[in-house]
Colleague: 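Structure provided below as structure tokens; questions to follow.
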Amino acid sequence: MQKEDRVISCILLGVMIMAVGIEMFFAPCGFVAGGATGLGIVLNEIAQKNWGFSIPLWLVNLLWDVPLLILARKKIGNVFFKRTVLGCIGFSIALFIAEFLPVYQGDFILVCLFGGTFVGIGAGLVLRSMGATGGTDLAAALIHEMIPKISVAQCIFVLDSIIILLGMAVFGIEQGMYAIASVFLTSKWVNTILQGVSFSRGALIISKRWKEIGKALLEQADRGVTAFHGKGLYTNEEKEVLLCVFTANELVKIKEIVSKIDKSAFVLVTDMTEVLGEGFHEF
């Protein structure tokens, strides 16, 4: 499969997963978590209560995104624009299809967990493919173009906050609070998809016996080691700092190797969000 085909598949899969989370969990329970679909959930509830008809989410999404896409055509790159168009139209189609799925209207905690997870994973897949689904993100980008003093993040926050407050006014404070919690969960899943799930660790090792430690790590742990030249500002001593990256289950072995050679070594161990390259994940 060609790279562009993989990107298209990833975007379409992402918008479908998002649509499932919204139509099966958020919309039936009145969870307004911002965005064009959140506005659609509010408008649909108002229309049903006051006029007796429904406004489908896919229609609201299209009516929101199409004008924004026309305005943004010359302001974003050609590749990103094409992928955003695919994301917007694909998301509307996915919302239409997801309308026919069974809905869950039970425990709000489960709605928050599963809805937030579905939407987060789906949005992460779309963003990882350098695409977008429009919504408040695209509106915020256009506002930032007109008023540069206001950042895109500030615009998104204000727009989503207004929509969430509208949701609270229509559905009640409890649902609004759960919706805010689901936004937090969604953001965590988006970050996980974008950064990857890694079980790697990294160690910075400072020791006078750095040559012995480096050699032992190369031979006994079979891990690459890089030496950086450093200087202690308190002691004013020149010293070498070793960097070694390894898998989580090798941590005990690495510490044992260092401690056998120099128990006074200074070792910093940290989690690595994502490690790309030989011996780990491919780019």
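Starting from 1, each residue takes its place in the sequence as its number.
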Colleague: Looking at every heavy atom in both F246 and G202, which two are closest together, and how far apart are they?
Modeller: CE2-C, 4.2 Å
Colleague: Mark yes or no for whether Q175, through its side chain, and G30, through its backbone, hold a donor-acceptor pair below 3.5 Å.
Modeller: no
Colleague: From the options V225, L243, V241, V267, select the one residue that forms a side-chain contact (heavy atoms from CB on, under 4.5 Å) with I205.
Modeller: V267
Colleague: Do R209 and I261 have side-chain heavy atoms sitting under 4.5 Å apart?
Modeller: yes
Colleague: Tell me if a side-chain donor or acceptor on N44 pairs with a main-chain N or O of I55 at a distance below 3.5 Å.
Modeller: yes
Colleague: Return yes if some donor-acceptor pair links the side-chain N/O of K208 with the main-chain N/O of A265 below 3.5 Å, else return no.
Modeller: no
Colleague: Atom CZ of residue position F157 - does it have more than 12 heavy atoms of other residues, nucleotides or ligands inside 6.0 Å?
Modeller: no
Colleague: For a side-chain contact (heavy atoms from CB on, under 4.5 Å) check, start with the C-alpha distance between I143 and L159, then their side-chain angles and the critical distance, and finish with the verdict.
Modeller: CA-CA 11 Å; I143 292 172; L159 292 172; 4.2 Å; yes
Colleague: Looking at every non-hydrogen atom in both residues, tell me the closest pair between L185 and C112 and how far apart they are.
Modeller: CD2-O, 3.6 Å
Colleague: For Y104, look at atom OH and say whether over 12 heavy atoms of other residues, nucleotides or ligands are found less than 6.0 Å away.
Modeller: yes
Colleague: On the 0 to 90° scale, with breaks at 30° and 60°, tag the F96-F100 ring pair as parallel, tilted or perpendicular.
Modeller: perpendicular
Colleague: Do F171 and F31 have ring centres separated by under 6.0 Å?
Modeller: no
Colleague: Taking I46's backbone N and O only, do any of them form a donor-acceptor pair with N50's side chain (distance below 3.5 Å, no angle check)?
Modeller: yes
Colleague: Is it true that a side-chain atom of R83 and a backbone atom of S129 form a donor plus acceptor pair closer than 3.5 Å?
Modeller: yes
Colleague: How long is the span from the CE atom in M130 to the SG atom in C10, to the nearest 0.5 Å?
Modeller: 13.0 Å
Colleague: Could you walk me through whether T133 and M18 pass side-chain contact (heavy atoms from CB on, under 4.5 Å), step by step?
Modeller: CA-CA 10 Å; T133 58; M18 286 179 66; 4.1 Å; yes
Colleague: May I ask you to test the L268-F266 pair for a side-chain heavy-atom distance under 4.5 Å?
Modeller: yes
Colleague: Which residue in the set V126, I93, L86 passes side-chain contact (heavy atoms from CB on, under 4.5 Å) when paired with L12?
Modeller: L86
Colleague: What is the distance from atom CD of E4 to atom OG of S9, rounded to the nearest 0.5 Å?
Modeller: 10.0 Å
Colleague: Nearest 0.5 Å please: distance from the CD1 atom of I17 over to the CG atom of L13.
Modeller: 4.0 Å
Colleague: If I compare all heavy atoms of L218 with all of R223, which pair ends up nearest, and what's the gap?
Modeller: CD2-O, 3.4 Å
Colleague: With no hydrogens and no angle check, is any side-chain donor or acceptor of S182 less than 3.5 Å from a backbone partner on G116?
Modeller: no
Colleague: Does D65 use its side chain to pair, donor to acceptor, with the backbone of G135 at less than 3.5 Å?
Modeller: yes
Colleague: Can you tell me how far the CG atom of L127 sits from the CG atom of D137, to the nearest 0.5 Å?
Modeller: 7.5 Å
Colleague: Rounded at 0.5 Å granularity, tell me how far CG in L113 sits from CG in D107.
Modeller: 8.5 Å
